[in-house]
Amino acid sequence: MSSDHVQSAERSATVTGAAAQQSSAEAPFLELLARGASADAYEQPVLLARADGRPAEAIAGLEHAKVLALRVRAELEGRRRREAELSALFETAHDLAGLRDLDAVLQAIVQRARSLLGTDIAYLSLNDPARGDTYMRVTEGSVAARFQQLRLGMGEGLGGLVAQTARPYVTDDYFKDDRFQHTLTIDSGVRDEGLVAILGVPLMLGHRVIGVLFAADRRARVFEREQIALLGSFAALAAAAIDTANLLTETRAALAGLERANEIIQDRSGVIERASDIHDRLAELVLRGGGVHDVAAAVSQVLDGVVEFTEIDTAPAKALEASRVEGHAVRHRDDWIAAVAAGGELLGALVLRGHPGLDPVDQRTLERAAMVTSLLLLARRSAAEAEQRVRGELLDDLLDARDRDPRLLRERASRLDADLDATHVVLAARLDGTAADADQEAAARRRLWSAASHLAGTRHGLAAARDGGTVLLLPLDPGDTATDLARRTATQLGVAVHEAVTVGASAPVEKPAARPDAVVAAYEEGRRCLDALRLLGRTGDGAAAEDFGFLGLLLAGDRDIGGFVERTIGQLVRYDERRGTDLLRTLDAYFACAMSPARTKDDLHVHVNTVAQRLERVGRLLGADWQEPGRVLEIQLALRLRRLAGPVRP
C-alpha cells in the first residue's frame with residue numbers, strides 16, 4: 001500500500017473516531033433534553049467524566065456538547081414561554097368577548113398575569129370613590145389574611161402611588177424604597193405576605209384610574225420592560241372588563257327605571273347584540289391568528305362603515321394624540337380616530353371613515369377593536385423580534401464560530417425554514433445617509449437591521465447587525481446572479497428604510513453549513529465590494545466582485561482567480577476541450593502579434609483564413625465586443641493567469 005493510501009486511511013479513522021466521540025458526548029445531553037431536566041443537571045455528565053478520569057479531549061467534548069444542549073434548552077424554553085404568553089392573551093380576550101361574570105374574568109386575568117410573569121403572587125385593587133381609597137378585589141397566590149383585606153389611602157404605598165399618578169411603578173426591594181409613603185398598616189400586610197419586589201400598573205378608563213394590577217415576588221427581582229408592557233396589556237383588559245360590566249349594569253338599571261321599557265329594551269338589545277357580535281368576531285379572529293386588517297374588516301361590518309388601520313405617520317396627529325391621552329375614540333371632521341397603543345407606545349390607529357354620528361356603544365366597540373389590535377401587534381412584534389434574534393444568532397455563529405457542528409447548524413436553520421445546503425450569497429449592506437447625532441444613527445441602523453431581518457425571513461435566509469451595517473445570507477435562485485441579488489436587495493432595503501442603502505455581494509457559496517470559512521471569506525469579499533461601490537460614488541446601488549472585471553480580483557481575494565478566468569474565457573476553454581481546437585493558443589498568438597492576423601498566421605504556421613475563422617469563433621463565444629480595449633485587457637489577463645495557475649477546468 002502506498003504512503004498516500006496509508007495517510008488517507010489514517011485520516012478516515014481519525015474522522016470516524018472523532019464523530020463517534022462527538023456522538024458519545026452528545027448522548028447524555030440529548031437524554032436530558034428529552035426528559036426536560038433542569039439546567040443544573042447538565043453539569044453531571046461532565047462531573048462524572050472527571051471523576052472517572054476520562055481523557056481531556058473527552059471532557060472537552062462533553063463541555064462543548066453541554067453548552068450546545070443548554071442553548072437548545074434555552075431556545076425551547078423561550079418558545080414555550082412565548083406560546084404561553086400568546087395563549088394567555090388570546091384566552092383573556094376571548095373571556096372578555098363573552099363576558100358574563102366580572103369576578104370570574106378578573107380572577108382569570110390575575111391568574112394569567114401571575115403565570116405569564118412567573119411571580120409568586122398577583123393581585124388587583126379597585127378604587128372606592130366614596131371612601132377615597134383603594135381596596136383589594138382579587139388575589140392569586142396570597143397566603144396572608146391581613147394582606148388580602150388591605151385598604152390603601154390615595155398616595156399610600158406603591159399601589160396608592162400608582163393609583164394617584166396613573167403611571168406604572170416597580171420596586172426591587174419594597175422596604176428599602178422611599179419613593180412612596182410607607183404606613184404601618186400597609187407595611188405589616190406586605191411583611192406578612194413576605195413580598196420584596198412589586199410591580200404595579202394602573203387600570204385606566206380614559207384618563208381616570210379605577211384601580212391597580214400588581215405582580216410581586218418574595219425575593220428581589222428586576223422586572224423587564226416587556227414584562228411591564230404585558231402586565232399593562234392585562235390591566236387594559238381588566239379595565240375593559242370592568243367597564244363592560246358597568247355598562248351592562250347601567251343598562252339593566254335604566255331598563256328597570258324607565259317608563260318606556262319596551263322601546264328601550266329593544267333599542268338596547270340591538271346595541272348589546274352588536275357589541276356581543278363584534279366581541280365574538282374579534283375573539284374568533286384572535287384565536288385563528290387573524291391580522292389587524294381582519295379586525296378592521298370585522299368592525300366595518302358591525303358599524304356599517306369603512307374602518308381602516310393606519311400607521312402613525314398617516315393618521316391626524318392631534319386627534320391621534322388626544323385619543324391616546326384620553327383613552328377614547330375622538331371625532332376628527334367626519335371621521336373617528338381610535339389610538340392603537342400599548343404601554344404608552346403608539347402603534348397606529350383605527351379610523352372610521354365618513355361616520356360623524358356614533359352612539360356611545362359603537363364608540364366603545366371601536367375602542368375595544370383598537371385594544372385588540374394593539375394586543376395583536378404586540379404579540380406579532382414579540383414573535384417577529386424573537387425570530388429575528390434567532391436568525392441573527394445563527395448567522396453570527398456561522399461568521400464567528402467556525403468549529404460549529406454542521407449538522408446542528410442545519411437543524412437550527414431548518415427550524416427557521418432556511419436550507420444551508422443550498423447555494424447562498426453573502427451581502428454586506430450599509431446606509432449612506434448622514435445622521436445628525438449618535439442617537440439618530442443608532443435608530444437608522446436599527447431600522448436597517450429590522451428591514452434586513454424581514455427580508456431574510458421572507459427569502460428563507462439569515463440577517464444580523466455587524467460592523468456598523470447589516471450582513472445577509474440569502475439563497476441564490478436558479479438563473480439568478482450575485483449581481484442581480486445585490487441590486488434587488490439594495491432597492492428593497494432602500495424602500496423599506498426610506499434611505500439609500502448600498503449592498504456589496506460575494507461570489508456564490510455552496511453548502512455554507514459545511515464551509516464556515518468560505519462564509520467568513522465571502523463576507524469580507526462583500527464588504528470590499530461595498531467599500532468599492534462607495535468609493536466609486538455608486539451609493540444606493542448593489543454589485544458583486546464580478547462586476548468590476550479584473551479589478552474584482554482585488555475585491556474577491558486570491559481565492560477567486562479561478563472564478564475570474566472562468567467568467568472571462570471559460571467558454572473558450574470548454575470549446576477547446578470538447579472539440580480539440582486551438583482557440584486559446586490562437587488568441588495568445590493574436591495578442592502577441594499586436595492583433596495582426598497576417599503575423600499570427602506566420603507564428604502559428606497556418607493559413608490566414610484559418611486564423612480568421614478561429615477569431616470569428618472567438619467572437620461568437622465571447623461576444624461581439626471582445627476586441628474592445630477594456631475586454632482585451634481582461635482577456636489577456638485571464639490568459640496569463642491561466643498559464644500561471646495551470647489549466648482551468650469548468
Side-chain angles (χ1 to χ4, degrees), residues 106-107 109-110 113-114 116-239 241-243 325-327 342-345:
L106 294 181
Q107 187 69 48
I109 288 174
V110 172
R114 178 191 179 196
L116 191 65
L117 273 68
T119 56
D120 297 324
I121 180 175
Y123 49 101
L124 182 148
S125 68
L126 293 180
N127 292 357
D128 188 344
R131 296 182 55 171
D133 63 2
T134 184
Y135 64 96
M136 291 291 184
R137 175 64 185 272
V138 182
T139 64
E140 177 67 19
S142 173
V143 296
R146 179 159 50 177
F147 180 80
Q148 297 169 16
Q149 299 170 5
L150 276 178
R151 298 189 74 96
L152 293 73
M154 302 305 291
E156 294 179 354
L158 184 143
L161 185 61
V162 173
Q164 186 179 58
T165 62
R167 294 174 55 192
Y169 273 86
V170 60
T171 178
D172 300 337
D173 193 332
Y174 176 85
F175 292 101
K176 293 181 181 180
D177 200 329
D178 58 1
R179 291 177 299 166
F180 43 83
Q181 179 182 349
H182 288 266
T183 68
L184 178 61
T185 302
I186 299 173
D187 287 358
S188 298
V190 173
R191 188 173 287 107
D192 287 355
E193 196 62 51
L195 300 182
V196 177
I198 304 175
L199 164 63
V201 296
L203 305 179
M204 304 289 297
L205 283 182
H207 60 278
R208 181 168 58 92
V209 180
I210 63 170
V212 181
L213 179 61
F214 300 86
D217 259 343
R218 296 185 176 94
R219 63 185 184 282
R221 171 178 177 169
V222 177
F223 290 94
E224 299 176 353
R225 182 187 305 174
E226 292 80 6
Q227 295 173 321
I228 297 174
L230 284 169
L231 192 63
S233 297
F234 273 104
L237 288 172
I242 295 169
D243 186 32
V325 173
E326 298 175 10
E345 179 186 1

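What you see below is based on every heavy atom in this structure, not just the backbone, and it leaves out hydrogens, waters and symmetry mates. In this text, all values refer to a predicted model and were calculated from it rather than measured experimentally.
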Novice: Looking only at heavy atoms, what is the nearest atom pair of Gln164 and Gly155, with distance?
Specialist: OE1-CA, 3.8 Å
Novice: CZ/Arg151 to CG/Asp133 distance, rounded to the nearest 0.5 angstrom?
Specialist: 4.0 Å
Novice: Checking Arg218 side chain against Val196 main chain: does a donor-acceptor pair fall under 3.5 Å?
Specialist: no
Novice: Which distance, rounded to the nearest 0.5 Å, do you find between the CG of Asp217 and the CG of Asp172?
Specialist: 11.0 Å
Novice: Just to verify, what does Ala216 make a side chain to side chain contact (heavy atoms under 4.5 Å, CB included) with, not counting sequence neighbours?
Specialist: Ile121, Tyr123, Leu195, Ile198
Novice: Got a donor-acceptor contact below 3.5 angstrom from the Glu140 side chain to the Ala122 backbone?
Specialist: no
Novice: Show the nearest heavy-atom pair for residues Met154 and Ala163, with the distance to one decimal.
Specialist: CE-CB, 3.7 Å
Novice: Return yes if a side-chain donor-acceptor contact under 3.5 Å exists between Gln148 and Ser142, otherwise no.
Specialist: yes
Novice: With rounding to the nearest 0.5 Å, note down the distance linking CG in Leu237 to CD1 in Ile242.
Specialist: 11.0 Å
Novice: Of all the heavy-atom pairs spanning Val209 and Pro202, show the shortest one and how long it is.
Specialist: CG1-CB, 4.3 Å
Novice: Would you list the pairs meeting ring-ring contact (aromatic ring centres under 6.0 Å, His included) in which at least one residue belongs to residues 159-205, sequence neighbours left out?
Specialist: Tyr174-Phe180, Tyr174-His182, Phe180-His182
Novice: Answer with yes or no whether the side chains of Thr134 and Asn127 bring together a donor and an acceptor at under 3.5 Å.
Specialist: yes
Novice: Between Met204 and Ala239, which heavy-atom pair has the shortest distance, and what is it?
Specialist: O-CB, 3.3 Å
